[in-house]
Student: 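I'd like to ask some things about the structure below.
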Amino acid sequence: MPELPDLQVFSHNLTKALKGKKVKRVEVHNTKKLNVSSKELSAALEGKTLNRVERSGKELHVHFSGDQVLGLHLMLNGKLYLFKEKNEQKYTIIEILFDDDSGLVMTDFQGIATPTLNPKETDVPDALSDELDLKYLLAQLQKKKTAVKNMLMDQHIVRGIGNAYADEILWDAKISPFSIARQIPEEKVKELLKSIKNVLKDAEKQILKTHPDIIAGEVRDFMLVHNSKKKETPGGHKIHQKPIASRKTYYTDEQVEY
DNA sequence: GTGCGTGTTAAACT
DNA sequence: CAGTTTAACACGCA
């Protein structure tokens with residue numbers, strides 16, 4: 001599953017590929033997760049022009065003229081494809097056909113990737129937004145007795161961080177993922193905030209450099225800790241693994257447990 | 001053939 | 001009751 005930096009690159013590339021195209025038709029093949037009827041969705045989007053694609057947490061927001069927004073959440077295994085003339089993908093959830101006969105399709109063999117017409121705005125800050133600052137992060141951490149990794153991945157607290165990047169961020173900040181959130185000293189929370197921003201932004205740059213046109217899948221090979229191919233970090237520290245909340249977690253002895 | 005990975009939600013559990 | 005953990009989703013991939 002793509003995580004925040006992958007999605008950030010997708011949004012950029014989708015904007016580039018689709019900006020200015022006019023929607024000819026919307027076809028929903030799987031309405032299970034859609035928040036409106038396929039009729040309503042068609043009515044909302046047909047004839048509208050695609051303005052841009054943005055990332056919001058782990059969701060992509062496709063902005064159309066007339067203030068219409070289509071949210072696309074890929075969940076675990078959702079994928080996006082562009083096509084010319086005909087969508088030939090299996091497991092199609094939704095496809096948007098433009099009036100030049102090109103199109104965008106979202107697939108998911110599990111059927112849990114979710115399209116949402118005009119998704120509700122939320123007060124939860126995106127990991128890369130300015131609203132995620134030291135004051136907010138401290139206040140949230142102090143409320144929690146759970147492992148800091150669980151808190152980082154909780155989309156009700158910070159939007160956009162998944163399993164793999166949580167490990168990378170905590171290693172970068174030299175904080176053990178098992179640390180109890182409220183016990184992390186303020187000085188270290190500063191480090192954590194810095195690591196959140198740096199790790200995610202750096203990853204986006206790496207992905208853009210190595211996969212300039214990517215709109216699906218995920219790029220993980222540059223990861224230093226959350227990487228099954230790596231036995232030790234660049235500094236030569238052995239990488240351990242142990243589940244947290246049944247998710248595989250990679251860490252080293254460099255990380256202090258609070 | 002086998003089992004792991006992956007986000008979210010709802011249900012189960014403490 | 002509130003907070004936390006687990007099952008389900010169902011296939012690609014190694």
Side-chain angles (χ1 to χ4, degrees), chain A residues 1-11 28-35 55-61 71-81 88-94 105-117 119-120 122-128 139-170 177-183 196 200 203 207 211 214-223 225-231 239-251:
Chain A
M1 139 94 201
E3 291 211 33
L4 182 147
D6 304 288
L7 292 166
Q8 188 75 37
V9 175
F10 297 174
S11 69
V28 185
H29 297 234
N30 181 341
T31 54
K32 209 162 47 178
K33 296 277 173 175
L34 184 62
N35 64 333
R55 181 195 59 77
S56 178
K58 295 181 188 175
E59 205 171 58
L60 291 173
H61 284 180
L72 297 175
H73 196 310
L74 299 173
M75 299 295 281
L76 289 171
N77 296 293
K79 287 200 173 88
L80 298 172
Y81 300 90
E88 289 176 342
Q89 295 299 329
K90 281 195 290 185
Y91 312 116
T92 295
I93 305 276
I94 184 174
V105 53
M106 178 168 77
T107 69
D108 182 9
F109 59 75
Q110 271 181 105
I112 56 177
T114 305
T116 308
L117 180 65
K120 274 205 192 87
T122 158
D123 291 336
V124 180
D126 185 272
L128 283 181
Q140 292 300 320
L141 280 161
Q142 275 157 12
K143 282 193 224 167
K144 292 282 171 178
K145 287 182 241 181
T146 181
V148 63
K149 180 172 177 184
N150 288 335
M151 191 232 120
L152 279 185
M153 293 196 302
D154 187 341
Q155 303 301 303
H156 302 292
I157 297 174
V158 184
R159 290 182 304 127
I161 300 173
N163 192 40
Y165 281 97
D167 285 354
E168 291 294 308
I169 288 165
L170 287 166
F178 300 94
S179 300
I180 305 302
R182 69 198 310 184
Q183 293 180 10
I196 291 173
L200 295 175
I207 295 166
H211 300 73
I214 190 170
I215 61 157
E218 64 198 22
V219 185
R220 293 272 168 89
D221 40 12
F222 59 85
M223 291 197 166
V225 182
H226 192 97
N227 189 330
S228 54
K229 286 180 191 142
K230 298 238 161 85
K231 294 242 154 55
I239 298 172
H240 310 292
Q241 51 167 289
K242 189 175 172 185
I244 293 185
S246 72
R247 284 286 190 265
K248 186 169 260 192
T249 298
Y250 296 87
Y251 63 100

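Below, chain A is the first sequence line, B the second, and so on; all start at residue 1.
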Student: Can you tell me how far C1' of C:dG3 sits from CD1 of A:Ile180, to the nearest Å?
Tutor: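 Atom-to-atom, A:Ile180 to C:dG3, this comes out as 14 Å.
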Student: Please state how far atom CZ in A:Phe178 lies from atom P in C:dT4, giving the value in whole angstrom units.
Tutor: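 After rounding, the reported distance stands at 17 Å.
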Student: Measuring from the side chain of A:Tyr91 (C-beta onward, heavy atoms only), which nucleotide among B:dT8, C:dC11, C:dT4 has the closest atom?
Tutor: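 Within the option list, the nearest is C:dC11.
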Student: Side chain of A:Asn150, heavy atoms from C-beta onward: which of C:dG12, C:dT5, B:dG7 has the nearest atom to it?
Tutor: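 Among C:dG12, C:dT5, B:dG7, the one nearest the side chain of A:Asn150 is C:dT5.
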Student: For A:His73 and B:dT8, is the shortest distance between a side-chain N/O and OP1 or OP2 below 4.0 Å?
Tutor: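 For B:dT8, OP1 or OP2 has a side-chain N or O of A:His73 closer than 4.0 Å.
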Student: Taking the basic N atoms (NZ, or NE/NH1/NH2) and the acidic carboxylate oxygens, is any pair closer than 4.0 Å for A:Arg55 and A:Asp126?
Tutor: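 Yes, charged N to carboxylate O under 4.0 Å.
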Student: Please give, in whole Å, the distance from B:dT8 P to A:Asn163 CG?
Tutor: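 So the two atoms are 11 Å apart, to the nearest Å.
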Student: Is the closest side-chain heavy-atom distance between A:Leu80 and A:Leu60 below 4.5 Å?
Tutor: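 A:Leu80 reaches A:Leu60 side chain to side chain.
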Student: Is any side-chain N of the basic residue among A:Arg159 and A:Glu59 closer than 4.0 Å to the acidic one's carboxylate O?
Tutor: no
Student: For A:His156 and B:dT9, what is the distance between atoms NE2 and P respectively, to the nearest whole Å?
Tutor: 6 Å
Student: Could you check A:Ile112 against A:Lys79 and say which one's nearest nucleotide on DNA chain C is further toward the 5' end?
Tutor: A:Ile112
Student: Could you measure between the two C1' atoms, the one in B:dT6 and the one in C:dA14, and give it in whole Å?
Tutor: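 These two C1' atoms come out 16 Å apart once rounded.
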Student: Looking at A:Tyr251, I'd like to know if the NZ or CZ of A:Lys149 sits under 6.0 Å from its six-membered ring centre while staying within 45 degrees of the ring's axis.
Tutor: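 Because its charged atom misses either the 6.0 Å distance or the 45° angle limit, A:Lys149 does not stack over A:Tyr251.
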Student: Return no unless some side-chain N or O of A:Asn77 is found under 4.0 Å from OP1 or OP2 of C:dC11.
Tutor: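 No, because none of the side-chain N or O atoms of A:Asn77 sits under 4.0 Å from OP1 or OP2 of C:dC11.
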Student: Ignoring backbone atoms, establish whether A:His226 has a side-chain N or O less than 4.0 Å from OP1 or OP2 of B:dT6.
Tutor: yes
Student: With a 4.0 Å cutoff (strictly under), does any side-chain N or O of A:Gln110 reach OP1 or OP2 of B:dT6?
Tutor: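 False: A:Gln110 side-chain N/O out of range (4.0 Å or more) of B:dT6 OP1/OP2.
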Student: Let me know the distance between CE of A:Met223 and C1' of B:dT6, rounded to the nearest Å.
Tutor: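 For the pair A:Met223 CE and B:dT6 C1', the rounded distance is 13 Å.
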Student: Any side-chain heavy atom of A:Leu4 sitting closer than 4.5 Å to one from A:Ile161?
Tutor: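 Heavy-atom side-chain distance check fails, nothing below 4.5 Å.
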Student: Whole angstrom is fine here: how far is it from CG in A:Asn35 over to C1' in B:dT8?
Tutor: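 Distance, rounded to whole Å: 16 Å.
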Student: Return no unless some side-chain N or O of A:Arg247 is found under 4.0 Å from OP1 or OP2 of B:dG7.
Tutor: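 It does, given that an N or O in the side chain of A:Arg247 lies less than 4.0 Å from OP1 or OP2 of B:dG7.
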Student: Can you tell me if A:Lys58 touches the phosphate of B:dT8, counting only side-chain N or O atoms and a distance under 4.0 Å to OP1 or OP2?
Tutor: yes
Student: Measuring to OP1 and OP2 of B:dT6, would you say a side-chain N or O of A:Arg220 lies under 4.0 angstrom away?
Tutor: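 Indeed, a polar side-chain atom of A:Arg220 lies that close.
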Student: Between B:dG7 atom C1' and A:Ile161 atom CD1, what is the distance in whole Å?
Tutor: 14 Å
Student: Would you classify A:Glu59 as touching base, sugar-phosphate or nothing, given that sugar-phosphate means primed atoms plus P, OP1 and OP2, and contacts are heavy atoms under 4.0 Å?
Tutor: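 Here A:Glu59 touches no strand at all.
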Student: Nearest-Å distance, CG (A:Leu76) to P (B:dC4)?
Tutor: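 In whole Å, B:dC4 P and A:Leu76 CG are 16 Å from each other.
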Student: In whole Å, measure the gap between the P atoms of B:dC4 and C:dT6 for me.
Tutor: 16 Å
Student: Among B:dG7, C:dT4, C:dT5, which nucleotide sits nearest the side chain of A:Lys145?
Tutor: C:dT4
Student: Other residues, nucleotides and ligands only: do more than 12 of their heavy atoms fall within 6.0 Å of NZ on A:Lys145?
Tutor: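 No, NZ of A:Lys145 has 12 or fewer neighbouring heavy atoms, counting only those of other groups under 6.0 Å.
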